Amino acid sequence: MARHLITSALPYINGIKHLGNMVGSMLPADVYSRYLRRRGHDVLYICATDEHGTPAELAAKEQGIPVAEFCAQAHDAQKAVYDGFGLSFDYFGRSSSAQNREITQHFARRLNENGFIEERSIRQVYSPADGRFLPDRYVEGTCPHCGYDKARGDQCENCTRVLDPTDLINPRSAISGSTDLEVRETKHLFLLQSKLENEVREWVARHDRDWPQLASSIAHKWLTEGLHDRAITRDLDWGVPVPADTWPELAAEGKVFYVWFDAPIEYLGATKEWADRDPGNRDWKAWWYDVDTDVRYTEFMAKDNVPFHTVMFPATELGVREPWKKVDYVKAFNWLTYYGGKFSTSQKRGVFTDQALEILPADYWRYFLIANAPESDDSSFTWEHFTATVNKDLADTLGNFVNRVLSFSKKRFGEQVPAGGEPGEAEAKLGEEIARLLAEYEQQMEALQFRKAASALRALWSAGNSYLEEKAPWLEIKTDKDGAALSLRTAMNLIHLYAVVSEPIIPSASAAMRSAFSLADDTAAWVTADEARSLTSVPTGTPFTVPPVLFAKLTDDDLETYKERFGGEPA
């Protein structure tokens with residue numbers, strides 16, 4: 001089977017992420033990883049916290065603790081939430097690791113040797129009140145493009161335009177708030193992207209037919225505007241230091257690499273972290289170095305991260321002149337909005353992942369987010385839509401099916417799968433329908449079309465309900481006990497099938513369904529078309545139990561409680 005390397009955009013260290021961040025990168029990457037593992041592929045899913053840069057320093061300063069301590073605590077807090085969501089990382093690393101420092105400095109040296117890094121004197125914002133040069137995010141002001149008055153010096157959160165601090169109107173220090181700012185000369189390293197533009201353009205063009213339109217169009221937009229040489233160092237206390245053996249003067253000044261230079265390299269760094277945990281059995285370069293045709297590399301990210309992963313980081317990899325693996329497929333997502341407004345970490349708008357888990361178990365959120373993934377366009381989270389989806393799809397279509405089949409069979413036939421008669425026309429028709437829908441589900445998963453995959457899974461669940469309504473064993477048992485037993489046995493086999501194939505999206509509920517049956521050797525990773533047609537994986541006489549309610553229906557009172565706590569409209 002193929003080897004699949006999967007990464008999702010690194011969540012930034014400053015705070016717990018919101019649902020939009022979850023559905024825009026980590027959750028779909030997890031669903032895809034789980035699916036591929038189930039199908040027998042060798043999968044390595046890598047992610048990490050992105051820990052360098054201005055926000056980490058500012059957040060640590062606000063809490064009055066060293067930035068390294070802040071990042072360690074924040075990493076553990078984020079990892080606990082991702083564990084709660086059931087994200088199946090093979091490794092969740094840290095961009096502040098020694099491994100990332102080593103590889104980042106190696107990349108910088110190689111780029112310099114190949115003529116793609118240049119030391120330049122630039123004029124940069126200096127704050128006399130703070131006694132220091134201010135990196136981009138240490139400067140705030142009004143965006144010259146959209147007028148947003150809380151824009152940062154590197155990017156406007158409102159319109160997503162990339163900025164330089166000197167672009168801002170009415171700039172102020174993010175440290176002291178001082179508007180007494182000067183522009184002074186200092187030296188920084190620049191990545192000469194302009195010299196790599198044609199190579200990047202050719203590389204992107206080779207993926208035009210493969211990448212989704214969103215990723216491809218963003219990459220081409222940046223290339224159409226032209227690649228500019230970009231400063232890759234900053235005046236910060238926290239980051240990967242410029243190596244003194246190559247740039248002694250800048251190293252003595254305490255320059256560190258810009259977070260957007262070292263953060264993508266952390267995909268490699270985190271893989272090395274993973275390998276270093278078990279060096280006798282793991283080889284990180286086997287996934288990253290000289291493996292172009294041996295590894296399929298898929299990246300997941302929201303659209304604001306696309307330029308860095310489709311243009312800027314590929315330019316870095318190309319300039320190194322070493323055979324590092326480059327991404328094969330970029331799965332980009334639009335925004336999940338909150339009642340039509342943007343989720344915002346900085347402005348605490350929307351539902352955050354830790355809050356979500358306080359309210360309901362992870363599978364409720366996993367299913368809703370995947371079923372409404374913002375793929376072709378933005379999608380909106382509303383509490384009304386969320387409760388309706390939970391009640392219709394999870395509680396009624398799946399949960400009620402499982403409960404009434406097992407409860408009724410236990411009541412009328414005891415705690416073993418009943419025998420009943422031989423399958424007939426209804427069962428043959430059902431088997432063909434299940435095989436067809438399973439193939440549709442597989443096709444959409446392979447294509448990374450998550451909304452369509454969730455729709456196909458929902459159709460699988462609905463097919464069981466249609467069969468049950470058609471056979472009506474609660475009526476059938478009055479005149480044909482063997483026929484009712486057959487209907488229930490068939491439905492129980494459907495429950496087991498649902499347990500196996502639903503696992504990528506709702507792993508906890510799938511485990512509960514699977515554990516309902518005391519099968520001696522239940523090692524099925526997936527279901528073949530023939531198995532779907534025959535529906536015989538749970539033999540007659542298999543002991544079973546009725547699991548707790550898989551999904552509770554949400555009430556009008558629940559809806560009002562959620563809206564009161566989080567608001568029913570964007571701020």
Side-chain angles (χ1 to χ4, degrees), residues 2-11 17 19-39 41 43-48 50 82 85 87-90 92 160 203-222 263-264 266-267 270 287 295-314 317 325-336 366-379 441-457 504-505:
R3 291 199 297 152
H4 287 267
L5 175 63
I6 296 173
T7 64
S8 51
L10 309 185
K17 304 301 137 186
L19 294 181
N21 183 281
M22 176 63 71
V23 74
S25 58
M26 289 176 285
L27 179 57
D30 175 70
V31 170
Y32 187 54
S33 298
R34 286 176 175 273
Y35 171 76
L36 290 175
R37 293 188 192 109
R38 289 264 161 189
R39 301 307 305 274
H41 296 285
V43 175
L44 185 65
Y45 176 23
I46 294 292
C47 194
D50 180 5
Y82 304 145
F85 263 86
L87 301 185
S88 59
F89 304 118
D90 288 285
F92 186 71
T160 75
W203 179 78
V204 169
R206 292 200 297 270
H207 294 282
D208 275 347
R209 293 185 178 181
D210 304 327
W211 290 357
Q213 192 270 337
L214 178 60
S216 183
S217 63
I218 292 174
H220 279 291
K221 178 177 182 294
W222 272 57
E266 168 58 9
Y267 295 131
W287 291 92
V295 174
R296 169 80 172 174
Y297 177 21
T298 308
E299 286 183 341
F300 291 79
M301 70 199 65
K303 58 186 176 183
D304 57 332
N305 283 326
V306 168
F308 302 104
H309 290 79
T310 61
V311 175
M312 292 175 65
F313 185 49
E317 287 188 292
K325 178 65 180 175
K326 300 171 191 66
V327 66
D328 294 300
Y329 191 85
V330 178
K331 178 62 177 179
F333 291 86
N334 288 284
W335 303 125
L336 176 71
R366 289 177 63 101
Y367 177 79
F368 175 83
L369 292 172
I370 291 298
N372 296 279
E375 293 174 296
S376 58
D377 51 18
D378 292 348
S379 61
Y441 178 52
E442 293 169 350
Q443 179 183 346
Q444 300 303 340
M445 278 289 205
E446 298 284 350
L448 287 84
Q449 294 294 315
F450 292 99
R451 294 179 74 156
K452 292 179 179 178
S455 179
L457 182 60
I505 298 178

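In this text the structure is predicted, and so the values were computed from the model without any measurement.
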Close side-chain approach of [X] and [Y], heavy atoms under 4.5 Å:
X	Y	value
Phe333	Lys303	no
Leu5	Thr298	no
Ile218	Trp211	no
Met301	Val330	yes
Trp287	Tyr297	no
His4	Leu44	no
Lys331	Gln449	yes
Arg451	Ser379	yes

Minimum heavy-atom separation for [X] to [Y], with atom names?
X	Y	value
Pro504	Val31	O-CG2, 3.4 Å
Asn334	Glu375	ND2-O, 2.8 Å
Phe89	Cys47	CE2-CB, 3.5 Å
Val311	Ala219	CG2-O, 3.9 Å
Tyr267	Ala9	OH-CA, 3.5 Å
Ser88	Arg34	OG-CG, 3.6 Å

What's the spacing between [X] [atom1] and [Y] [atom2] if we round to 0.5 Å?
X	Y	atom1	atom2	answer
Ser8	Leu87	OG	CG	8.0 Å
Ile6	Ile46	CD1	CD1	10.5 Å
Asn305	Glu299	CG	CD	9.5 Å
Asp30	Ser25	CG	OG	11.0 Å

Chi angles and distances behind the side chain to side chain contact (heavy atoms under 4.5 Å, CB included) call for Val306, Leu214: CA-CA 9 Å; Val306 168; Leu214 178 60; 5.6 Å; no

Polar side chain donor-acceptor pair, Tyr45 to Thr7, under 3.5 angstrom: no

Chi angles and distances behind the side chain to side chain contact (heavy atoms under 4.5 Å, CB included) call for Val43, Arg38: CA-CA 10 Å; Val43 175; Arg38 289 264 161 189; over 6 Å; no

Salt bridge (charged side-chain N to carboxylate O under 4.0 Å, His left out) involving Glu442 - partner list, sequence neighbours excluded: Arg39

Contacts of Asp304 that satisfy salt bridge (charged side-chain N to carboxylate O under 4.0 Å, His left out) - sequence neighbours left out: none

Parallel, tilted or perpendicular: rings of Tyr35 and Tyr32 (30°, 60°): parallel

Candidate pair Lys326 and Phe313, rule side chain to side chain contact (heavy atoms under 4.5 Å, CB included), full reasoning: CA-CA 9 Å; Lys326 300 171 191 66; Phe313 185 49; over 6 Å; no

Salt-bridge present (Glu317, Lys325; N to O < 4.0 Å): no

Residues Arg206, Asp328: salt bridge by 4.0 Å N-O rule: no

Tyr329 vs Arg296, side chain to side chain contact (heavy atoms under 4.5 Å, CB included): CA-CA, chis, key distance, verdict: CA-CA 8 Å; Tyr329 191 85; Arg296 169 80 172 174; 3.6 Å; yes

Check: Ser216 side chain, Gln213 main-chain N or O, donor-acceptor pair, under 3.5 Å: no

Test item: Arg366 side-chain N/O and Phe85 main-chain N/O as donor-acceptor pair under 3.5 Å: yes

Review item, side-chain donor-acceptor pairs of residues 367-374, under 3.5 Å, at least two apart:
residue : atom : partner : partner atom : Å
Tyr367  : OH   : Asp393  : OD2          : 2.8
Tyr367  : OH   : Arg458  : NE           : 3.0
Tyr367  : OH   : Arg458  : NH2          : 3.4
Asn372  : OD1  : His385  : NE2          : 3.4
Asn372  : ND2  : Phe368  : O            : 2.8

